[in-house]
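For reference, the structure discussed in these notes is given below.
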Amino acid sequence: MTNPSTNPLAGIPADEASVRKLDRAHVFHSWSAQALIDPLPIASAQGSYFTDYEGKRYLDFSSQLVNVNIGYQHPRLIAALQEYAGRMTTVSPAFANDARSEAARLISEVAPGDLDRVFFTNGGAEATENALRMAKLHTGRHKVLAAYRSYHGATAGAISMTGDPRRWGAEPAMPGIVHFWGPYPYRSAFHSTTPEEETQRALQHLRDVIMVEGAATIAAIILETVVGTNGILVPPPGYLAGVRGICDEFGIVMIADEVMAGFGRCGEWFAVDHWGVVPDLICFAKGVNSGYVPLGGVLINDAINATFQERAYPGGLTYSGHPLACATAVASIEIFKDEGVIDNARRLGTDVIGPELAKIADRHPSVGEVRGLGVFWAVELVLDRETREPLVPYNASGAAAAPMNAVAAACKQRGMWPMTHFNRLHVVPPCTATEQEVREGLAALDEALDTADEYYTGS
Ligand code: PLP
């Protein structure tokens with residue numbers, strides 16, 4: 001008998017061509033026309049960088065899918081994962097488990113208000129899906145209001161709540177989900193001219209939607225505290241508090257989807273902390289353990305928890321509270337505390353990214369607006385600053401998306417991996433990035449934006 005190797009990939013060709021070939025032969029990728037993609041094989045990653053098989057190193061200004069908040073291969077997180085894997089790798093949700101209990105305790109501790117219980121999931125979509133179910137059962141109502149320009153995940157309920165083109169392929173969607181416009185001062189649905197006006201009009205619009213839909217039919221309002229993929233839309237002053245007030249007035253559950261915005265991304269534990277607003281449910285995933293093992297969850301307040309004391313909650317997952325995932329969450333939260341990760345993210349936003357992006361906007365006519373907080377920023381590119389016509393149309397693909405693809409290619413050529421969405425570049429490095437790394441990435445961005453300026457048609 002041959003001695004079995006501890007490396008499961010031992011003996012399998014590990015050169016770039018082989019990885020690429022096997023991927024193309026057998027892997028079916030998310031959101032993609034399979035024949036039109038050519039995913040870059042990544043060989044290794046460390047800190048804020050990943051490296052391809054040719055040895056080219058990229059500064060990751062996307063944090064993968066805005067989830068590697070703690071950076072790659074954090075030694076303490078890897079050690080915790082290995083240590084716990086050596087002890088126990090799987091326990092069903094029907095048992096109690098030390099890693100799960102401690103993760104729930106720590107997450108509750110950093111969460112605001114009375115959000116003291118955690119229902120664990122494998123990721124973000126299952127979190128919003130379960131929050132939706134909890135709100136309906138808690139209130140006995142069936143409708144949910146969700147914002148346009150939002151993403152809540154790709155399972156049935158989550159994609160139905162989503163307010164962007166990713167929903168279209170799943171329609172007809174779940175009945176009872178009604179979309180409304182949230183605030184977006186740069187492209188106001190309400191023709192507002194100031195942030196204050198935007199808050200006031202967006203809240204009035206929400207009230208109007210509730211009036212015509214019938215408050216007594218509405219279980220929940222779900223929103224991304226800071227809208228992520230759809231534009232890093234930071235709510236103007238007073239908006240979240242206003243939504244909280246409306247929810248209280250009509251007995252509606254307020255669900256904050258912090259899958260992307262939470263766990264340091266906005267320079268706070270949770271983005272709602274920035275405004276001192278306490279939702280009834282918070283959905284989290286991504287940054288809770290930086291995706292070292294899949295994990296998400298719903299933070300539940302006392303009132304909703306009380307609903308399910310004598311009555312069973314009709315929902316569950318084989319891997320709810322998976323011990324390995326929970327062990328990495330425990331380690332990650334401890335690292336966040338010990339290494340000042342939240343403060344680092346906040347300072348990078350106020351002292352480096354914000355001021356530098358403002359200078360970049362001054363230099364490049366194609367930059368219509370920069371906005372964000374913490375390590376969560378958008379650079380919105382336009383053809384004309386006056387008309388604000390986007391550099392590429394909404395939901396552009398193929399030839400129509402060429403200008404954005406050219407800007408992204410210019411970033412990559414300079415060793416910076418950007419995140420792009422529609423006509424925007426998102427500056428979303430790990431929360432652990434150093435000032436020097438961020439400055440290096442912003443310098444690459446500055447140069448790459450010359451490419452965007454070439455398309456500019458304004459005066
Ligand atoms: N909610 C938000 C705000 C997200 O950004 C995402 C993913 O990007 C999700 C939910 C879905 O998370 P997952 O892809 O882990 O299911």
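In listed order, ligands and their atoms are each counted from 1.
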Per-atom filter on ligand 1: closer than 4.0 angstrom to a heavy atom of E224 are 3 (C)
Would you mind listing which atoms of ligand 1 come within a distance below 4.0 Å of any non-hydrogen atom of D257?
1 (N), 2 (C), 3 (C), 10 (C)
Tell me whether the rings of H322 and Y319 are parallel (<30°), tilted (30 to 60°) or perpendicular (>60°).
perpendicular
Which residue holds the protein heavy atom closest to atom 9 (C) of ligand 1, what is that atom called, and what is the gap in Å?
V259 CG1, 3.7 Å
Could you tell me whether R166 sits above the aromatic face of Y151, with NZ or CZ closer than 6.0 angstrom to the six-membered ring centre and within 45 degrees of the axis?
yes
Is there a side-chain contact between L391 and V382 in this structure, where contact means two heavy atoms from C-beta onward sitting under 4.5 Å apart?
no
Atom indices of ligand 1, in the order listed, that fall short of 4.0 Å to a heavy atom of G123
15 (O)
List ligand 1 atoms under 4.0 Å from G124, heavy atoms only on the residue side.
11 (C), 12 (O), 13 (P), 15 (O), 16 (O)
Any chance CZ of R76 has more than 12 other-residue heavy atoms, nucleotides or ligands included, within less than 6.0 Å?
yes
Ligand 1 atoms in contact with K286 (distance to a heavy atom under 4.0 Å):
5 (O), 6 (C), 7 (C), 8 (O)
Any idea which protein heavy atom is nearest atom 2 (C) of ligand 1, and the distance to it?
Y151 O, 3.3 Å
Please could you name the atoms of ligand 1 that A125 approaches to less than 4.0 Å, counting only its heavy atoms?
11 (C), 12 (O), 13 (P), 16 (O)
Give a yes or no on whether atom 14 (O) of ligand 1 lies under 4.0 Å from any heavy atom of the protein.
no
Side chain to side chain contact (heavy atoms under 4.5 Å, CB included) for W269 and F336? Distances and angles first, verdict last.
CA-CA 9 Å; W269 282 103; F336 265 45; 3.5 Å; yes
Donor-acceptor contact present, side-chain E258 to main-chain A271, <3.5 Å:
yes
If you count the atoms of ligand 1 from 1 in the order shown, which ones are under 4.0 Å from a heavy atom of M260?
5 (O), 8 (O)
Classify the ring geometry between Y58 and W417 as parallel (under 30°), tilted (30 to 60°) or perpendicular (over 60°).
perpendicular
